[in-house]
Amino acid sequence: MPRRIRRMAARLAGPGLAVTYLSLLVLLPLAAVLSSAFSSGPGAFWQAVSQPEAVAALRLTLLCSLAVAAVNSVLGLVIAWMLVRDDFPGIKVVGALIDLPFALPTIVAGLTLLSLYGPNSPFGVNVAGTPAGILLALAFVTLPFAVRSVQPVLAELDRETEEAAATLGASPAGVVRRVVLPSIAPALLAGAGLAFARAVGEFGSVVLISGNLPFHTEVASSWIYSLSQSGDLSAAAAVSVVLVLIALFVLVGIGLVRRRFGVAESV
Amino acid sequence: MTLDVPEGSLTALLGPSGGGKSTLLRVVAGLETPDNGSIEIDGRDVTGLPARERGIGFCFQHYAPFRHLSVRRNVAFGLEVRRRPKAEIRRRVDELLELVHIEHLAERYPSQLSGGQRQRMALARALAIEPTVLLLDEPFGALDAQVREELRSWLRDLHEQISVTTLLVTHDQDEAMEVADQLAVINEGRLEQVGAPTDLYDRPASDFVLRFLGPVTELDGVAVRPHDLALHREPVPGGRRALVQRITHLGFEVRVDLDVEGAGAAWAQLTRPDVGVLGLTEGERVWVSHSASAQQRRRGGLRDVASLSVS
Amino acid sequence: MTARSRWPVRVVALSYLALLIVVPVGSVFYRAFAHGFVAAWVAITTPDALHALWLTLVVALIAVPLNTVFGVGVALILARHRFRGAWLLDALIDIPLAVSPVVVGLALVLAYGQTGWFGRPLAAAGITVIYAVPGIVMASAVVSLPYVVRSVLPVLLEIGTDQEEAAATLGAGPAAVFSRVTLPSIRRGLAYGVTLTTARVLGEFGAVVVVSGNITGKTQTMTLFISNSVENLNSTAAYAGAVLLALLALFVLAVMSAEKKERGPRWRSRSDRSQSDSEPHLLLTG
């Protein structure tokens, strides 16, 4: 049945090409990372991820990412609230500005922050070479996630339920606590998760302002970079595996939260 | 099942939603592949042919207008992909737009048209390729009641004018009865009965056809049309005693709800003069019987068959 | 929002945005031209700077078309065909978003570098991938992989198959259906996706710095040129390069907000056919 075979070949050609492209660019290289991480056995893997400098870098990365996810969740909610409920001349420009950290190359973002909060700061605020610098850079690049996750949910919030709560005697704070927060909680959590996942792997914006001081301001991606530059590729691969697992864990978690609560897709 | 669609006829596939009518239409069009069976158009087996080689005109339920093209370019589409000369396309499109009365909308885009106008554009677009068969999927389903009425009689006239073999799918029995000259009732993927609309109404081959084509009530466990029940003041042979429970006036028509002794609830459809002559009031006792014309109905068997040909 | 709560919200939200985004980005423009427009112009037209600019454009000219073809193809596959494993393909598309750009670079080195999986056959064939232009192209292609798919797929799902089927019944073959119906219908979404892809390719740093070797005048892209200039304390060159890329970002921002206004936000995957739209969330930079 040549026609049937031809039709089947035509049906498989597209997916086949796509999977090949994806394999060459993404799947095979990532498999190479996994294989390299365990190339000298699990002992070597464990040693690579448990040596003091790696532990310090991973701990710093996780702590900073958590802190930034928390701070940006709160301030992102405040900004989203303003964008949805407030109106003043220029608010559209402010709304568009939220996406600037998405569009701005990370190295430019890093330079930007360095120019204002570095050694030549016009305000005299110098956070270069300190964990505060890392927080600043991560806050910059993850802000859009925090805002854009809750904004659509806030916009769709039924104002009548808030008014109903008010007629039933709830105070403004009570309305927020009893009606608003519970309905946006999944979106808020998803936004925090996205911000966290992005922060964990961030490199370009952090590298200029952090100074990469071992045990002090060296984040995991910087540590992987310096390992790869010094030729210790399997140690770099081992730390990479941990980093990717953390990000995947969080993203899968967000997927589950979304499915459970029917929060609209946002990545 | 076999369904023959005579040349030049307007056949309606009628049945409840989800009964497989639209699938059948899409199979005829070549948009879906049948598991088995065959489709012939004009005596030519087209079963394995892709849609574009079947020479059919298909009107989608929601018209599927090309949103990025003007009305003129929409209608011209089939001719453009066939690389017909520009002048010919122009002339033909003008003719068609005139035929469906939207010549003044030629430069508009689909988003600027009303539902009825889109329907007309979709028809013109399908007719442009001079199809052997015109397939219409729920042609009036997405329109409001008044436009629907208007378009129905317009479609009837148009069909008389161009007499292209037409197969249309609908779940609305009034629409099918009014527009089609042949009805095919389909239920759960099965062809229940084929025939002229009045034939099917008067001589349904199955309970399903009877119930689907018009109002039904039951007397002695037998389904009958309520207008085939006659009410009498005096006992009649074969008549049953019944209590008049409620009389509802619906304009010219009057609905009489009955409690038939030993048979339960039933209702009869009478006319206003009938009720006036009988002098019916609620709570009265009457006699109910089948009217004479109903006696000869209800016969004929299912036509069970195995391929579909459109000729 | 009550009048009483409006002002505190405004003050908090706007000052955070000002301190984090507006003032820093503005200050880059100020610093670039601190020594005059001429100094900035000179710094950005040195041979090394021009080479970096040229290399960046070359990489974009290769990576963006590749990802565009791939993206449209995958979007068509996911939207128009039902097959086992579709969900997996859909999920795999987003992997580059979950992986640190540095790890992307490292992965390419481990697969295609001299000591990598394919190092030996590649060397035998005389092909250098890592520390050369092919590696930079690959790194840029990986990090920008999802954007066209994610911009086009929702449009394909939204427009449905009616128009394509109508074209087929009117006599159009697969190629004509694509060029006359599908492509015009996804035009806007495609332009949006290509813009995001281009922006990400031009601005990528982490993945490129690992695979390129950062050799001035050879494998240095614009972002590497900026970071090198910072290290060499050539701040005028760094800021001038940053302004160039920032202007590009502002253009992208304009496209993004225009797109949102026009068609409503979109960033959905295959499984979201029934879900309501949400704002697009783009992990655009790395």
Counting C-beta onward and ignoring hydrogens, is there a side-chain heavy-atom pair between [X] and [Y] closer than 4.5 Å?
X        : Y        : answer
C/Trp117 : A/Ser35  : yes
C/Leu250 : A/Leu100 : yes
A/Leu22  : C/Phe70  : yes

What heavy-atom pair brings [X] and [Y] nearest, and what distance separates the two atoms?
X        : Y        : result
A/Leu111 : C/Ala238 : CD2-O, 3.6 Å
C/Thr115 : A/Leu233 : OG1-CD1, 4.2 Å
A/Gly14  : C/Ile77  : C-CD1, 3.4 Å
A/Leu24  : C/Met138 : O-CE, 4.1 Å
A/Asn120 : C/Arg31  : O-NH2, 2.9 Å
A/Thr106 : C/Phe205 : OG1-CB, 4.1 Å

Rounded at 0.5 Å granularity, tell me how far [atom1] in [X] sits from [atom2] in [Y].
X        : Y        : atom1 : atom2 : result
A/Arg198 : C/Leu97  : CZ    : CG    : 9.5 Å
C/Leu66  : A/Tyr21  : CG    : OH    : 4.5 Å
C/Ser257 : A/Ile98  : OG    : CD1   : 12.0 Å
A/Ser240 : C/Leu110 : OG    : CG    : 8.0 Å
C/Ser227 : A/Ile107 : OG    : CD1   : 5.0 Å
C/Arg6   : A/Phe88  : CZ    : CZ    : 10.5 Å

Against chain C, label [X] side chain, backbone, both or neither, depending on which of its atoms sit under 4.5 Å from a heavy atom there.
X        : value
A/Ala80  : neither
A/Leu25  : both
A/Val241 : neither
A/Ala220 : neither
A/Val93  : neither
A/Leu27  : side chain
A/Leu30  : both

Enumerate, atom names and distances included, each donor-acceptor pair closer than 3.5 Å involving a side-chain atom of residues 16-27 of chain C, sequence neighbours excluded.
from	atom 1	to	atom 2	distance (Å)
C/Tyr16	OH	A/Asn72	OD1	2.6
C/Ser27	OG	A/Ser115	OG	2.6
C/Ser27	OG	C/Pro24	O	2.7

**Message:** If we define contacts as heavy-atom pairs under 4.5 Å, which of C/Val69, C/Leu14, C/Val243 has the most with chain A?
**Reply:** C/Leu14
**Request:** May I ask you to name which of C/Leu145, C/Val99, C/Leu106, C/Leu248 has the most heavy-atom pairs under 4.5 Å with chain A?
**Result:** C/Leu106
Could you look at [X] and say if it's the side chain, the backbone, both or neither that has a heavy atom under 4.5 Å from chain A?
X        : value
C/Phe118 : side chain
C/Tyr112 : side chain
C/Leu76  : neither

**Item:** For C/Val9, the option from A/Ile79, A/Val78, A/Asp86 that meets side-chain contact (heavy atoms from CB on, under 4.5 Å)
**Value:** A/Val78
**Item:** Identified side-chain contact (heavy atoms from CB on, under 4.5 Å) counterpart of A/Val26 within the set C/Val142, C/Ile93, C/Val104
**Value:** C/Val142
**Message:** Run the side-chain contact (heavy atoms from CB on, under 4.5 Å) test against A/Val127 and tell me which residues pass, sequence neighbours left out.
**Reply:** A/Tyr117, A/Val125, A/Thr130, A/Ala132, A/Leu136, A/Ile209
**Request:** Count the heavy atoms of every other residue, nucleotide or ligand shown that sit under 6.0 Å from CD of C/Gln114, and state whether that count exceeds 12.
**Result:** no
**Message:** Does A/Phe38 have more than 12 heavy atoms from other residues, nucleotides or ligands lying within 6.0 Å of its CZ?
**Reply:** yes
**Message:** Taking every non-hydrogen pair under 4.5 Å, which of A/Val19, A/Leu34, A/Leu143 racks up the most with chain C?
**Reply:** A/Leu143
**Item:** Leading residue by heavy atom contact count with chain C [cutoff under 4.5 Å; candidates A/Ser222, A/Ala139, A/Gly191]
**Value:** A/Ala139
